[in-house]
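Reviewing the structure listed below.
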Amino acid sequence: MRRTVADHQQAVENLLGQCWANTPGGRVAGAALASEQLPLNQSVGRVLAVDLMAPIDLPPFANSQMDGYAIWSDPNQPHGVDLPKSTAYRVVGTIPAGSVPEALLEGMAAPIMTGAMVPSGANAVIAIEDAVPDHFGAPGDTVALPPTAAGSFVREQGSDVRRGEMILTAGTLLNAAHLGLAAGLGFTQLPVKAKPRVLLLTTGDEVLSPGDPQTACGLPVGMIFDANETLLRTSLEAAGMNVVRSLIVKDDPGALLDLLDQFVGVSARGDTAEPRCELIISVGGISAGAFEVVKQALTQAKDHAQVDFGHVAMQPGGPQAAGTYRGIPFLGFPGNPVSAFVSFEVFLRPALSTLIGAPAKRQRVVATLEHAMSSPAGKLQIRRGIYSGPEYESAASVREIGGPQSHLLGALAQANALITIPAGVTELQAGAKVEVLLL
């Protein structure tokens, strides 16, 4: 498998879409996950599963936009006619918010509070500060009010949303404003797409989890702490995935296949059940070394595994694997942490955005390079960068942090952007324009 970055992006999207369209059990159909009902306060960042219709008008009744006097104003009053500077009205009972007022007779003015229902017989509100006197009178008092147009300071019923109107479409990535609208219409919960379940495996005999008992007296010589599990698990979960398990797998092909079977619904006796995941991601073990456990295991299991191993014209993240294991989509990322992270950002995250509607797509911007850079020919380069947004009289700029090496976690931790250098570009001068992916 030798692909351009664009080809592999499309291959990953097609793989997920096709596999999920054929997934048994109804959790996934046509890359649209089954839905679940969630309370509003748990729905932010989730994807709406159905079109949402307004069950009521919003506002549900005509109400006052401010504290003032509700009156009747003749809607047929012609424009340009000389009107008296004010008209005397007799004050009636006050209308507080939450009450149902009596009808208002012509020549009367009802003190009305912000949000209170406008009574029948009234079609305008005059702010209290425009009244003479400019404070609320008692019933039977007289108040002088200036002329005003019909509809002034009245929020008409349904002026925001009409009953039966589609307010949110299926596939909407829900934010606070969407949920506030749903609450204002009386919803307590919403149907949202279920999160895809992911099995995440990091590989290598040299890899230990932070906190492993073997590290009680310090990290053993020749061993490394596993950064990939935390780096990718948090990335996946932030992107709306459900990581059902994240495990370290030693360089034992048989043990890897046994583990995979547990999660794709095959027992040691060969019995089948519903898969426990919709996606398998492995990290490491896919390149050209002598102990590439993922490649060895899936090659052995060729009756159940259809996985392509090869390189994509990208650095870091060149080695890639993509295919299926017992019908479940399988993605293999390289083992260096930055390579694995870049693979997720470039290949999996965009596919999820397209197929499911979450996560939101990363923003791509153009920035001025603060220094010269070189890049090897023939590969898209992804470099960690620190991006400075445009300020007064200065354009957006970016500078590289760390070098091109794929093990530099310290540089990744400081970066807020990824700088992309096209495959055909080998030299860039300070001041050159580059595309930047904001993290």
From CD (Gln414) to CG (Leu409), nearest 0.5 Å: 11.5 Å

Main-chain N/O of Val346 paired to Gln9 side chain as donor or acceptor, under 3.5 Å: yes

Verdict with supporting geometry, Leu380 and Ile421, side-chain contact (heavy atoms from CB on, under 4.5 Å): CA-CA 6 Å; Leu380 175 72; Ile421 305 174; 5.9 Å; no

Arg349 side chain vs Ala360 backbone, donor-acceptor pair below 3.5 Å: yes

Shortest non-hydrogen contact from Met117 toward Ser99: CB-O, 4.1 Å

Stepwise salt bridge (Lys or Arg N to Asp or Glu O under 4.0 Å) test for Arg326 and Asp261: CA-CA 8 Å; Arg326 296 188 186 272; Asp261 283 343; 2.8 Å; yes

Short side-chain to backbone donor-acceptor contact, Lys195 and Val243, under 3.5 Å: no

Euclidean distance, Ile328 CD1 relative to Glu278 CD, rounded to 0.5 Å: 7.0 Å

Asp7 and Thr4: side chain donor to acceptor below 3.5 Å: yes

Matching residue for Tyr69 among Val125, Ile128, Val92 - test: side-chain contact (heavy atoms from CB on, under 4.5 Å): Ile128

Polar side-chain atom of Asp205 near backbone of Asp251 as donor-acceptor pair, under 3.5 Å: yes

Nearest-0.5 Å distance that lies between atom CG in Asn228 and atom OG in Ser282: 10.5 Å

Residue Glu102 excluded, over 12 heavy atoms near CD under 6.0 Å: no

Results of salt bridge (Lys or Arg N to Asp or Glu O under 4.0 Å) for Arg233 - residues two or more places apart only: Glu229, Glu237

Pairs satisfying salt bridge (Lys or Arg N to Asp or Glu O under 4.0 Å), at least one member in residues 36-50, at least two apart: Glu36-Arg46

Pairing residues for Ser287 by the side-chain hydrogen bond (donor to acceptor under 3.5 Å, both in side chains) criterion, not counting sequence neighbours: none

Derivation of the side-chain contact (heavy atoms from CB on, under 4.5 Å) call for Ile95 and Met113: CA-CA 6 Å; Ile95 306 171; Met113 304 301 110; over 6 Å; no

Set of side-chain hydrogen bond (donor to acceptor under 3.5 Å, both in side chains) partners for Thr114, sequence neighbours left out: Asp67

Shortest non-hydrogen contact between Gln320 and Ser343, atoms and distance: NE2-OG, 2.8 Å

Backbone of Pro390 reached by a side-chain donor or acceptor of Ser394 within 3.5 Å: no

Atom of Leu168, atom of Leu48 and distance for their closest heavy-atom approach: CB-CD2, 3.6 Å

Between CG on residue Leu412 and CG on residue Leu439, distance to nearest 0.5 Å: 7.5 Å

Student check: side-chain heavy atoms of Ile356 and Pro196 closer than 4.5 Å: yes

Step-by-step side-chain contact (heavy atoms from CB on, under 4.5 Å) determination, Val436 to Val366: CA-CA 6 Å; Val436 173; Val366 174; over 6 Å; no

Close side-chain approach of Leu181 and Leu58, heavy atoms under 4.5 Å: yes

Pairwise salt bridge (Lys or Arg N to Asp or Glu O under 4.0 Å) hits with a residue in residues 399-415, at least two apart: Arg383-Glu400

Note, Ser152 side chain near Ile126 side chain (heavy atom, < 4.5 Å): no

Pairwise side-chain contact, Pro59 with Ser159, heavy-atom cut-off 4.5 Å (strictly under): yes

Between Thr202 and Asp226: side-chain donor-acceptor atoms closer than 3.5 Å: yes

Non-hydrogen atoms of Ala122 and Leu104 that approach each other most closely: CB-CD2, 3.8 Å

Closest heavy-atom pair and its distance - Val283, Pro334: CG1-O, 3.3 Å

Main-chain N/O of Gln157 paired with Arg162 side-chain donor or acceptor, under 3.5 Å: yes

Arg276 to Phe263, cation-pi by 6.0 Å centre distance and 45° axis angle: yes

Val5/Phe347 under side-chain contact (heavy atoms from CB on, under 4.5 Å): CA gap, chis, key distance, verdict: CA-CA 8 Å; Val5 170; Phe347 298 123; 4.0 Å; yes

Sub-4.5 Å side-chain heavy-atom contact between Phe330 and Val294: yes

CG-CZ distance between Leu232 and Phe333, expressed to the nearest 0.5 angstrom: 7.0 Å

N/O donor-acceptor pair under 3.5 Å between Asp74 side chain and Asn76 backbone: yes

Heavy-atom neighbours of Phe153 CZ exceed 12 at 6.0 Å: no

Side chain to side chain, Leu256 and Leu201, heavy atoms closer than 4.5 Å: yes

Pairs involving residues 353-370, ordered by first then second residue, that meet salt bridge (Lys or Arg N to Asp or Glu O under 4.0 Å) (sequence neighbours left out): Glu345-Arg362, Arg364-Glu435

Within 6.0 Å of CD in Glu129, more than 12 heavy atoms from elsewhere: yes

Contact summary for Ala358 and Leu173, nearest pair of heavy atoms: CB-CD1, 3.5 Å

Flag side-chain contact, heavy atom, 4.5 Å: Leu199 against Val264: no

Close side-chain approach of Pro253 and Val293, heavy atoms under 4.5 Å: yes

Gap separating the CG atom of Leu15 from the OG1 atom of Thr324, nearest 0.5 angstrom: 7.0 Å

Check: Thr169 main-chain N/O paired with Thr172 side-chain donor or acceptor under 3.5 Å: yes

